[in-house]
Visitor: 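Have a look at this one.
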Amino acid sequence: MLKGKALSLEYLGNRLPAWVKIGVNKVIKIGDHTYVECSNSGKAWGCHGRNSGGRELVSGNGSHVEADCVYGNDKAGIRYLMTGVCHQTANRTLSSTDKTVFGARGYLATVATYGEYGLYQAEWLARQKLCAVSGAYTMEHRYMYRALIAKRIALKKSQISDSELNTIFPNVDQGFRSKLKKLTTDWKLKFLEHAISQYKYQNYHQFYNHVHIGLNKYLQDCAGVIGYDDMAERLGFEGFDENTMVLMAAPEPQVDIEEQS
């Protein structure tokens with residue numbers, strides 16, 4: 001039995017690193033850290049962070065051998081903040097259960113940015129297929145930059161699909177869909193610009209701040225469409241207004257910045 005768990009990082013709100021730009025009079029909301037554990041073997045996968053102390057979000061029958069293969073020695077192939085965060089890492093690790101960590105606070109924000117299973121879809125599909133068959137996979141990062149470019153080209157040609165929108169905004173009012181599709185497509189394109197720049201120039205602090213400034217503009221714009229109360233509920237936070245700033249991933253003290261870059 002594989003379990004997806006969430007850990008509140010709210011306690012970090014008053015001791016964020018000085019380089020994190022949060023703006024004036026902003027109320028910080030930090031997305032949950034998620035990780036995966038196996039109740040049978042006792043093994044846990046930290047997904048770029050801690051691997052204990054969280055509440056259970058989801059559980060399902062799945063192979064811990066396959067999960068271990070997917071996770072590998074590169075955290076399921078997720079390059080932190082560039083192709084996903086802990087939510088996407090956990091979803092990949094849970095993939096043999098057909099469950100996701102939907103319900104984690106801030107999940108909407110990360111899925112709007114990276115999708116459910118992260119960017120670089122070709123690599124993910126190859127990893128998933130080989131792990132299901134052979135239990136062995138070796139990640140190759142050399143095509144990641146090319147994948148980011150290809151994704152940007154595709155989004156410039158057409159907006160996100162209806163199924164992608166449904167994953168981000170399930171059961172949203174039909175009258176809001178066209179505006180949300182445009183806002184989400186525009187945000188993804190903006191994010192990809194930042195990710196491509198980060199891949200080339202490797203300035204993690206600048207990348208982190210640019211991403212979160214853009215993300216919060218996107219969330220505010222979407223709240224202007226669906227309403228602030230609806231946005232708060234979808235993000236999983238008690239409140240959300242024009243003074244709220246959401247952080248998808250607050251860097252924890254033990255996380256090595258160079259590793260994330």
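Being a predicted model, the structure only gives us computed values, none of them experimental.
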Visitor: Looking at K181, I'd like to know if its NZ atom is crowded, meaning that more than 12 non-hydrogen atoms belonging to other residues, nucleotides or ligands lie closer than 6.0 Å.
Guide: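 Check passes, neighbour count above 12.
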Visitor: Inspect the surroundings of NZ in K26 and state if more than 12 heavy atoms from other residues, nucleotides or ligands are less than 6.0 Å away.
Guide: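 Enclosed.
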Visitor: Are more than 12 heavy atoms from other residues, nucleotides or ligands located less than 6.0 Å from atom CD of Q121?
Guide: yes
Visitor: Quick check: is I30 connected to I213 through a chain of hydrophobic side chains (ILVMFWY, heavy atoms under 4.5 Å apart)?
Guide: no
Visitor: Would a line drawn from the ring center of Y201 to the ring center of F207 be shorter than 6.0 Å?
Guide: no
Visitor: Between the main-chain N or O of I78 and the side-chain N or O of H48, is there a donor-acceptor pair closer than 3.5 Å?
Guide: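 Checked: pair present.
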Visitor: When you check the gap from the basic side-chain N to the acidic O, do E123 and R92 get nearer than 4.0 Å?
Guide: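 Yes, this pair counts.
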Visitor: Taking only residues two or more places apart in sequence or in another chain, which ones pass side-chain hydrogen bond (donor to acceptor under 3.5 Å, both in side chains) with K179?
Guide: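 Applying side-chain hydrogen bond (donor to acceptor under 3.5 Å, both in side chains) to K179 gives none.
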Visitor: Using modelled atom types and a 3.5 Å cut-off, is there a donor and acceptor pairing between side-chain atoms of T185 and backbone atoms of I160?
Guide: yes
Visitor: Taking ring-ring contact (aromatic ring centres under 6.0 Å, His included) as the criterion, tell me which of Y143, Y145, Y120 meets it with Y199.
Guide: Y145
Visitor: Would one find more than 12 heavy atoms of other residues, nucleotides or ligands at under 6.0 Å from atom NE2 of H194?
Guide: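 Check passes, neighbour count above 12.
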Visitor: Let's go through D186 and K190 carefully: what are the C-alpha distance in whole Å and the side-chain angles of both, what is the deciding distance for salt bridge (Lys or Arg N to Asp or Glu O under 4.0 Å) to 0.1 Å, and is it a yes or a no?
Guide: CA-CA 6 Å; D186 289 347; K190 190 66 176 177; over 6 Å; no
Visitor: How about CZ on F176, more than 12 heavy atoms from neighbouring residues, nucleotides or ligands closer than 6.0 Å, or not?
Guide: yes
Visitor: Strictly distance-based, threshold 3.5 Å: is any side-chain N or O of H87 a donor or acceptor partner for the main-chain N or O of V101?
Guide: no
Visitor: Which donor-acceptor pairs under 3.5 Å do side chains of residues 239-246 form with protein atoms, sequence neighbours excluded?
Guide:
unit_1	atom_1	unit_2	atom_2	d
D241	OD1	N243	N	2.8
D241	OD1	T244	N	3.3
D241	OD1	T244	OG1	3.3
T244	OG1	D241	N	2.9
T244	OG1	D241	O	3.4

Visitor: Applying side-chain hydrogen bond (donor to acceptor under 3.5 Å, both in side chains) as the test, list every pair that has at least one member in residues 166-176; sequence neighbours left out.
Guide: N166-R177
Visitor: Between T34 and C86, which heavy-atom pair has the shortest distance, and what is it?
Guide: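 Here T34 and C86 meet closest at OG1-O, 3.1 Å.
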Visitor: Output, in order, the C-alpha distance, side-chain angles, deciding distance and verdict of side-chain contact (heavy atoms from CB on, under 4.5 Å) for Q159 and T184.
Guide: CA-CA 8 Å; Q159 293 185 341; T184 304; over 6 Å; no
Visitor: Indicate yes or no for a side-chain donor-acceptor contact from Y71 to the backbone of C47 under 3.5 Å, with no hydrogens or angles considered.
Guide: yes
Visitor: Considering the options T93, N51, D68, which one meets the side-chain hydrogen bond (donor to acceptor under 3.5 Å, both in side chains) requirement together with W45?
Guide: D68
Visitor: With the 4.5 Å side-chain cut-off for hydrophobic clustering, are Y35 and L94 part of the same group?
Guide: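 No: no chain of side-chain contacts under 4.5 Å links Y35 to L94.
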Visitor: Check D221 with K217, please: is the shortest side-chain N to carboxylate O separation under 4.0 Å?
Guide: yes
Visitor: Under a plain distance cut-off of 3.5 Å, with no hydrogens placed, do T110 and Q88 share a side-chain donor-acceptor pair?
Guide: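 Side-chain D/A pair, Q88 to T110: present.
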Visitor: Does the D230 side chain pair with the main chain of A223, one donor and one acceptor, at a distance under 3.5 Å?
Guide: no
